[in-house]
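One structure is given here, and the rest of the page talks about it.
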4 protein chains.
Amino acid sequence: MPEARDRATKRKRLKEQRETQILDAAARVFARKGYERATTREIASEAGLSEGTIYNYFDSKRHLLIAMAVRLALDSLQELDSLPPMEDEQAHVTALITNRFELLLSNLDLVRALMPQILVDDDLRQEYMTKVLSPAISYLGEYLKKREVAGAFRKVKADFVARAMIGAVMSFGFLWLQQPSDLDERSRDELVSEMVGLFLDGLRVRPSEQKDRQS
Amino acid sequence: MPEARDRATKRKRLKEQRETQILDAAARVFARKGYERATTREIASEAGLSEGTIYNYFDSKRHLLIAMAVRLALDSLQELDSLPPMEDEQAHVTALITNRFELLLSNLDLVRALMPQILVDDDLRQEYMTKVLSPAISYLGEYLKKREVAGAFRKVKADFVARAMIGAVMSFGFLWLQQPSDLDERSRDELVSEMVGLFLDGLRVRPSEQKDRQS
Amino acid sequence: MPEARDRATKRKRLKEQRETQILDAAARVFARKGYERATTREIASEAGLSEGTIYNYFDSKRHLLIAMAVRLALDSLQELDSLPPMEDEQAHVTALITNRFELLLSNLDLVRALMPQILVDDDLRQEYMTKVLSPAISYLGEYLKKREVAGAFRKVKADFVARAMIGAVMSFGFLWLQQPSDLDERSRDELVSEMVGLFLDGLRVRPSEQKDRQS
Amino acid sequence: MPEARDRATKRKRLKEQRETQILDAAARVFARKGYERATTREIASEAGLSEGTIYNYFDSKRHLLIAMAVRLALDSLQELDSLPPMEDEQAHVTALITNRFELLLSNLDLVRALMPQILVDDDLRQEYMTKVLSPAISYLGEYLKKREVAGAFRKVKADFVARAMIGAVMSFGFLWLQQPSDLDERSRDELVSEMVGLFLDGLRVRPSEQKDRQS
DNA sequence: CATGAATGAGACTTCATTCAT
DNA sequence: GATGAATGAAGTCTCATTCAT
């Protein structure tokens with residue numbers, strides 16, 4: 001019965017398409033209005049569907065948000081494996097930060113929709129912490145420890161420092177949330193390299209460099 | 001008529017007391033439920049007053065939030081002048097970070113009440129940006145530039161780096177928001193010194209230190 | 001064209017079968033949830049069909065209920081003719097009551113589905129009154145009058161008494177509606193004979209019997 | 001502080017008055033439309049209040065119904081003690097039936113509102129059974145047993161017969177539900193006496209009477 | 001000044017019904 | 001004939017705000 005299978009496949013595809021359509025619309029409206037002040041009516045109209053249809057695909061307004069958290073979690077875990085070798089700290093950290101910035105920028109609507117509610121909704125925060133934030137912190141913490149053992153990095157409290165680094169990166173997201181990315185390619189690179197410099201070498205002028213200057 | 005003045009003073013004091021009473025209650029309820037899901041009824045009951053009374057002191061529920069932003073702004077500007085001399089970078093940055101942490105921890109309810117709504121409410125965010133965040137970034141940026149000129153710090157994009165540092169510090173606030181301060185005095189000091197180390201010296205082992213190690 | 005007729009017959013049978021299938025499912029769901037809280041979706045799933053299909057056989061959800069009333073009406077009129085001779089009042093009334101109890105018990109789902117809505121839906125009640133209740137009352141009223149004329153029964157307001165008797169019988173249905181028939185064969189017989197005794201002889205001890213007792 | 005007490009009393013009275021006002025309106029609307037098809041909007045308008053106000057006094061639409069059940073339960077228990085002596089069976093049973101008829105007629109809206117939903121709502125039915133129906137059946141059953149022991153009534157299954165009698169009486173309520181009480185005082189008396197006759201003496205002509213007739 | 005009863009707009013969600021496939 | 005996705009009207013309930021007492 002290839003026909004039957006065809007129909008089933010088609011139906012499934014249609015379903016996924018609708019879900020995406022609704023989720024995209026919801027992300028935009030949530031991003032504009034915030035979760036609470038967004039109305040299902042506006043989401044429906046943004047999606048070009050009727051309100052009832054939304055409820056054929058999602059159980060409740062809140063489930064729209066949860067689905068977004070899942071989406072973001074999936075996106076956040078990709079590509080962490082195809083990074084430059086960790087022996088080259090400069091390249092590795094640069095890639096890491098770039099990758100996080102890209103995650104942020106390419107999911108800006110999603111993040112803007114999610115973030116405020118994460119601060120308020122316990123379950124949602126749980127989801128975000130375990131699926132998005134904790135993995136990132138873990139990865140970075142492990143990396144710090146390995147490079148320390150290899151003698152490349154100083155001895156630090158890896159979890160504190162990892163959190164601080166991620167917080168620093170994400171705080172730019174906080175800024176972008178409000179001024180939609182007036183950041184061109186070039187200045188983003190500058191930003192990344194500045195951050196890498198900060199994290200790897202700190203602010204203080206090194207004694208050797210000091211000598212160079214003084215001479 | 002000293003009597004009249006007394007009465008006026010008394011009245012004013014009473015008014016301020018009521019406002020504080022209401023604002024404290026509101027901060028707690030907003031912190032628990034989030035702005036949208038908090039009800040004026042619950043705030044009134046938390047304050048031990050009736051709903052009507054709230055409206056004798058504040059124009060609307062939203063004005064409660066705005067008043068909180070003002071409160072936080074006032075707090076945030078205090079004591080930035082009584083810092084250790086900037087020539088001692090270690091001490092100065094340590095004091096800076098400690099000061100921000102303390103601001104965060106002593107206003108946790110306020111921050112928790114405010115933060116989600118700042119991401120969503122444009123006016124409120126404006127207020128927060130100009131009164132709280134920008135001053136901090138400006139101060140830090142200026143400091144970085146001065147120390148660079150003095151030859152103590154490397155040449156960096158001061159505004160980028162300032163933002164990153166503040167983001168790093170505040171990201172711990174984000175954590176504390178959900179696990180009310182299980183952070184004892186001692187580990188907070190550790191945290192601060194770890195951050196200072198990160199910002200001043202970076203992660204990379206310095207050549208001189210490397211030699212020490214190798215020997 | 002016998003073929004054509006065959007096909008037509010077959011089609012008709014299929015149609016009736018589908019209608020029964022749907023009506024049975026609807027009766028069960030209505031019995032469980034009540035008419036208003038039953039959904040066409042649940043009825044469809046209970047019938048193993050899709051929602052759309054229901055509307056190929058019935059005009060609306062409400063028509064399902066009407067069809068049930070018709071079914072009940074048809075059932076209720078059967079067998080009233082094959083009763084024992086009315087000269088034997090004991091046997092006749094026993095048969096009458098037994099017959100009503102059986103109607104009730106064998107249509108319990110139907111009755112449970114119908115009854116609440118009959119109290120609320122005017123058209124439906126009309127249907128029920130004219131097709132089910134009134135015939136029963138009429139029959140019983142006629143019977144009472146005939147036996148009165150024959151000198152077997154006292155002179156009573158036949159319509160009042162008929163209603164009361166039917167109400168008494170049906171009130172047990174009301175009980176069974178909620179405790180699905182924990183009534184075994186034996187106690188049902190007892191119940192019937194108790195009712196017959198009540199209606200024929202009343203509660204009061206007869207003077208003759210009194211004498212028997214006293215002696 | 002008599003003033004304060006006054007105000008509290010006044011407020012309480014106002015509250016009770018509002019509750020009655022709302023409950024009366026709800027009873028009428030439920031009686032007209034049935035519970036499910038009645039809307040809170042219509043109830044509010046019938047009560048001359050806004051929808052919101054209803055929810056200041058009752059938690060939900062369903063709680064309106066529950067409050068009605070409570071009202072009916074309270075009414076139903078009154079006056080059962082001030083009946084004629086049970087030695088005079090004729091008078092006692094007459095008073096009993098009259099009392100039930102009056103309960104029915106004076107709460108017709110309430111009953112009409114409640115009855116359909118009782119068949120459908122499990123909790124509500126529980127309430128009705130324990131608070132209204134069971135006490136009545138118990139009382140009547142006890143009475144039958146006592147009179148049997150006293151030699152006035154035949155030996156019957158008291159619970160069966162009690163239920164049947166109550167069912168018979170209530171079935172008239174069922175009729176009245178739809179044709180609002182076209183029953184004048186006089187025919188109600190007739191009805192009662194007919195019922196009393198049926199229950200006490202049954203239908204069958206008594207041998208002694210038969211003789212009278214024949215003679 | 002404080003109170004809290006009343007308001008009414010508006011939100012989320014359900015579900016009978018239709019119709020293209 | 002069967003399907004089930006889409007519809008959209010309608011309903012219950014919440015809550016910030018007002019105002020008479």
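Each chain gets a letter, A, B and so on, in the order its sequence line appears, and its residues count up from 1.
Among the atoms of the strands shown, none is found under 4.0 Å from any heavy atom of D:A44. At a threshold of 4.0 angstrom between heavy atoms, the contacts of B:R18 are confined to the sugar-phosphate backbone, with no base atom among them.
Here the C1' atom of nucleotide E:dT14 and the CD atom of D:E36 are 12 Å apart, to the nearest Å. Counting to the nearest Å, the C1' atom of E:dA9 and the CZ atom of A:R37 are 15 Å from each other. What separates CZ of B:R41 from C1' of E:dT3 is a distance of 13 Å, to the nearest Å. At whole-Å resolution of the value, CD1 in B:I22 and P in E:dT3 are 10 Å apart. When the P atom of F:dT14 is taken as reference, atom NZ of D:K61 falls 15 Å away, rounded to whole Å. Put simply, NE2 on C:H63 is 16 Å from P on E:dA16, counting in whole angstrom units. Distance D:K12 NZ to E:dG4 C1': 17 Å, rounded to the nearest Å. Here E:dC1 presents its P atom at 13 Å from CD of B:E16, a figure rounded to the nearest Å.
Between B:S50 and E:dT3 there is a side-chain N or O to OP1 or OP2 distance below 4.0 Å. OP1 or OP2 of E:dA2 sits under 4.0 Å from a side-chain N or O of B:Y57. An OP1 or OP2 oxygen of E:dT17 is reached within less than 4.0 angstrom by a side-chain nitrogen or oxygen of C:Y55. In terms of phosphate contacts, C:T40 brings a side-chain nitrogen or oxygen within less than 4.0 Å of OP1 or OP2 of E:dA16.
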Walk me through it: do A:F58 and A:L23 pass the test side-chain contact (heavy atoms from CB on, under 4.5 Å)? CA-CA 10 Å; A:F58 296 91; A:L23 232 42; 3.6 Å; yes
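Of the possible polar contacts, one joining the B:T20 side chain to the B:E16 backbone as a donor-acceptor pair under 3.5 Å is found. With hydrogens and angles ignored, the 3.5 Å screen pairs no side-chain donor or acceptor of B:N107 with any backbone N or O of B:L110. In this structure, the side chain of B:Q21 engages the main chain of B:A47 through a donor-acceptor pair within 3.5 Å.
Where A:T39 and C:D59 each meet DNA chain E at their nearest nucleotide, the meeting point lying more 5' is that of A:T39. Comparing A:R62 and C:E51 along DNA chain E, the residue whose closest nucleotide (by nearest heavy atom) sits nearer the 5' end is A:R62. When the nearest nucleotides of DNA chain F are assigned to C:R11 and B:A38 by heavy-atom distance, the more 5′-ward of the two goes with C:R11. Nearest-nucleotide assignment on DNA chain F puts the 5′-proximal partner with A:G52, out of B:G52 and A:G52.
Inter-residue side-chain proximity for D:E42 and D:E51 is flagged as unmet; no heavy-atom pair is nearer than 4.5 Å.
Between the side chain of A:N56 and the base of F:dA5 there is no donor-acceptor pair of N/O atoms closer than 3.5 Å.
Counting only heavy atoms from C-beta on, A:T53 has its side chain closest to F:dT7 among F:dA16, E:dT7, F:dT7. In this structure, of F:dT12, E:dT3, F:dT3, it is F:dT3 that holds the atom nearest to the side chain of C:L49.
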Reading 5' to 3' and counting Watson-Crick or G-U wobble pairs with both distances under 3.5 Å, write the dot-bracket notation for DNA chain E, | for bases paired outside the strand. .||||||||||||||||||||
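Geometrically, B:K61 engages B:Y35 in a cation-pi contact defined by less than 6.0 Å to the ring centre and at most 45° from the axis.
Using a 4.0 Å cut-off between charged side-chain N and carboxylate O, A:D24 and A:R71 make a salt bridge.
Note that CZ of D:R18 and CG of D:L49 are 5.0 Å apart. Values are rounded to the nearest 0.5 Å.
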